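Keep in mind the model is a prediction, meaning the values are calculated, not measured.
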Amino acid sequence: MLMRQYEMPWRRAYEIWPAVAWLLGLPVLVYFSGTGVITPAVATGLCLLAGLLACLRTWQAFQVLRLRGSLTGRPMQIITTAQHAKLTGDPDQLFLGFGFEWLPVHSQRLYEMSKVDYRDYALGPIAKRIVRGANQGQPESEIGMPWIHGVEPREKLLYRPVKNFEGGTLLVGTTQAGKGVALANLITQAVRRGDIVVIIDPKNSHRLKQVVERACADYREPGTFTEFHPAFPERGVRVDFLYSWGKATELASRIQSIMPLDTGGAFHAFGWDAVNVVVQAMVALEERPNLRKIMQYIEAGIDPLLQRSLERLLEQRLGLNWREDQALRKLLENQNTSRGSPVNQQLAAYVAYYERHIPAIQRDKVIDSQIRVHRHNREHYQKITANLLPILSMLTSGELGRSLSPDPFDLEDTRPILNFEKIERSGHVLYMCLDSLPDPAVASAIGALAISDLAARAGMRYNLGTNTRRLSLFVDEISNVINQPLIELLNKGAEAGVYSICAMQTLADLAERMGSEHAARKALGNLNNMFALRSKDRMTQDFIVETFGRTGIHAPRVSMNEGADTHLGDWSSGRSVTLTESMEERVPAEVLGVLPNLQYFGLIAGRLLKGRFPIMSPDHKVA
């Protein structure tokens, strides 16, 4: 049994002919009434009936023509920031552009249109102006098929509650499909709502940055907008991604997240241990860790930290005159007779005293770890930390090192120093450009480190109950920066008040970054909502349409037969129409490859929307 009536809108408006016939019948009825063929009362009733039927058929014909008139689609629309402000007045609603909710009837129309050439049913300029008014169609010069948006002639403003987006949102589309325009719309609204906003942009989009700066100027206090750019450090801020932490082991895990993956994971574990030993020692000595210091102690050796740790311990155990201890002095004298530098001899004496005269139960585990590293074969230690040193060297060299390991006592550097705790408390908007085009390795490391720090900060917000102010995270080209902390943030960030919107081009990019398609799908499974713009990759298209689900599609089957015998006049013919229904994709995968720029299918809180984002231009003049 069919649950929905079948319609075929892509046809001629045949209803216009009976409408004309009923209209022509009106003067005939008047004539018959005047000649006395029928009584005036009967003529009046028939005239009313003919008029009603003429109006009904005219309305039916108009519906067909209006739908056909929408086949030319909609052009890209440019609005000013003032117009955008009028559309986004409710802070609890998110403006998603112009469009309509995608229903089964739209899927049916889409499947029917895929069988024909839309130009055979598109109206001419005059007829289109009559049924559509001043609305112009999509120009031939624009990319994509206009009839996709034209399956529904009535367009409205699209809004969804902001609450629907707390589960994370994926924005997927190929190059120049409109991801930047979509992000500009969503970021502007986040800035206007007063959110803490963090934007990670690997390629440094000038248009997106201009829109964000304008939004900060329109809706926030001066100085709210802050920028970080590795290629132009002098015009941005310094950011310390190791500033906030609850446990010292978090810093080791944070740096581990930027290390390149190895097959067995052994070098990953060695790298984590190397960083953890240094960080634990610095924390015990009340020295704040940063990337430069960690790099220094891993590359040059842990001996200076170990010596200071032992001196501090001996002073605590033996008092201020610990150097006068007889056992220690004897060990120092014995070491003076051996070869080696005075520093190494002194450190060897301290280690020997620690192991011989400090009871095992009173020893410090942090110092024990340092001694283990101190005694490790230097050449072998450099081999097992080989995948750690290059990435640390990239992040600590030149001006980039001064930007990521800021020294608050450097009076010559007047750039502000920020961290995610300060960004959160001050309500800043941080625009992070990663400059991935000339140096993708460094860009990926900076982005991953920033996300790891943000994930740690989100954990603190949750634990301390300071998640009253929403934090909106926008990540463009997620395949460049995704790591385990980002996956954890997508999975649990909503509880900490973090709303994430991640953009990508293809599923294949993410699968290559994460090692497999299964791992990529697992990561994307943490995102509840999706905006799908034009996508050319088949794997990505299949992922999108799987998410959208299926609906019942009617398929008419027409069969004709005829037969003749040898007898004169013995001829027969037959024609039958069978209507069947099958479950098909709500949106065919092929349609995603021909979507016009800025148009999308959006699955938001279980609702499938078809919309288009407007381009925001502060300087655009309305005609």
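What you find for Val481 and Gly447 is that their closest heavy atoms are CG1-CA, 3.7 Å. Contact detail for Cys47 and Val30: the closest heavy-atom pair is SG-CG2, 4.3 Å. Shortest non-hydrogen contact noted between Ala589 and Asp542 is CB-OD1, 4.2 Å. The two residues Leu157 and Phe98 come nearest to each other via the heavy atoms CD2-CE2, 3.1 Å. When all heavy atoms are compared, the tightest approach of Asn529 to Asn164 is ND2-O, 2.9 Å.
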Legend entry - Evaluation steps, salt bridge (Lys or Arg N to Asp or Glu O under 4.0 Å), between Arg521 and Glu546: CA-CA 12 Å; Arg521 285 176 172 267; Glu546 288 171 13; 3.1 Å; yes
Inset, instruction - Start with the C-alpha gap between Glu581 and Ile553, add the side-chain angles, then the distance that decides, and say whether side-chain contact (heavy atoms from CB on, under 4.5 Å) holds. - result: CA-CA 5 Å; Glu581 184 180 57; Ile553 298 298; over 6 Å; no
Inset, instruction - Give the intermediate values and the outcome of side-chain contact (heavy atoms from CB on, under 4.5 Å) for residues Leu533 and Val172. - result: CA-CA 6 Å; Leu533 293 99; Val172 56; over 6 Å; no
Inset, instruction - Kindly determine whether Arg513 and Asp509 satisfy salt bridge (Lys or Arg N to Asp or Glu O under 4.0 Å), including the steps that lead there. - result: CA-CA 6 Å; Arg513 167 83 177 191; Asp509 293 336; over 6 Å; no
Inset, instruction - Assess whether side-chain contact (heavy atoms from CB on, under 4.5 Å) is satisfied between Leu171 and Asp476, documenting all intermediate values. - result: CA-CA 9 Å; Leu171 178 62; Asp476 195 7; over 6 Å; no
Legend entry - From CA spacing to verdict: salt bridge (Lys or Arg N to Asp or Glu O under 4.0 Å), Lys522, Glu517: CA-CA 8 Å; Lys522 180 181 176 182; Glu517 182 184 351; over 6 Å; no
Legend entry - Verdict with reasoning, Tyr499 to Arg470, per side-chain contact (heavy atoms from CB on, under 4.5 Å): CA-CA 7 Å; Tyr499 286 38; Arg470 185 185 299 111; 3.6 Å; yes
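Environment of CG in Leu437: sparse, with no more than 12 heavy atoms of neighbouring residues, nucleotides or ligands closer than 6.0 Å. Atom CD of Glu512 is surrounded by 12 or fewer heavy atoms from other residues, nucleotides or ligands within 6.0 Å. Counting heavy-atom neighbours within 6.0 Å of Lys115 NZ, excluding the residue itself, gives a total above 12. Counting non-hydrogen atoms of other residues, nucleotides and ligands closer than 6.0 Å to CZ of Arg207 gives a total of 12 or fewer.
Ion pairing between Lys610 and Glu155 fails under the 4.0 Å rule for side-chain N and carboxylate O. A salt bridge does not link Arg11 with Glu112: every distance from a Lys NZ or Arg NE/NH1/NH2 to an Asp or Glu carboxylate oxygen is 4.0 Å or more. Contact check on Glu15 versus Arg57 returns no salt bridge, with no Lys/Arg side-chain nitrogen under 4.0 Å from an Asp/Glu carboxylate oxygen. Contact check on Lys156 versus Glu152 returns no salt bridge, with no Lys/Arg side-chain nitrogen under 4.0 Å from an Asp/Glu carboxylate oxygen. Arg214 has a carboxylate O that lies under 4.0 Å from a charged side-chain N of Asp218, or vice versa, which qualifies the two as a salt bridge.
To the nearest 0.5 Å, the span separating CE on Met504 from CG on Leu527 amounts to 9.0 Å. Interatomic distance, CG of Leu183 versus CD1 of Ile199, reported as 8.5 Å (0.5 Å rounding).
Between the Tyr159 side chain and the Leu87 main chain, a donor and an acceptor come within less than 3.5 Å of each other. Looking at Asn526, its side chain does come within 3.5 Å of a backbone N or O of Ala523 through a donor-acceptor pair. With hydrogens and angles ignored, the 3.5 Å screen pairs a side-chain donor or acceptor of Gln541 with a backbone N or O of Ser535. Under the 3.5 Å distance criterion, the side-chain polar atoms of Gln83 are matched with a main-chain donor or acceptor of Thr80. A donor-acceptor pair is defined here as one N or O able to donate and one able to accept, closer than 3.5 Å; no such pair exists between the side chain of Ser479 and the backbone of Leu510.
Here the two rings, on Tyr111 and His554, have centers that are 6.0 Å apart or farther. For Phe613 and Phe531, the distance between ring centers is under 6.0 angstrom.
Between Phe95 and His84, the ring planes are perpendicular. Angles over 60° get that label, and only those under 30° would be called parallel.
A donor-acceptor contact closer than 3.5 angstrom is absent between the side chains of Arg192 and Gln189.
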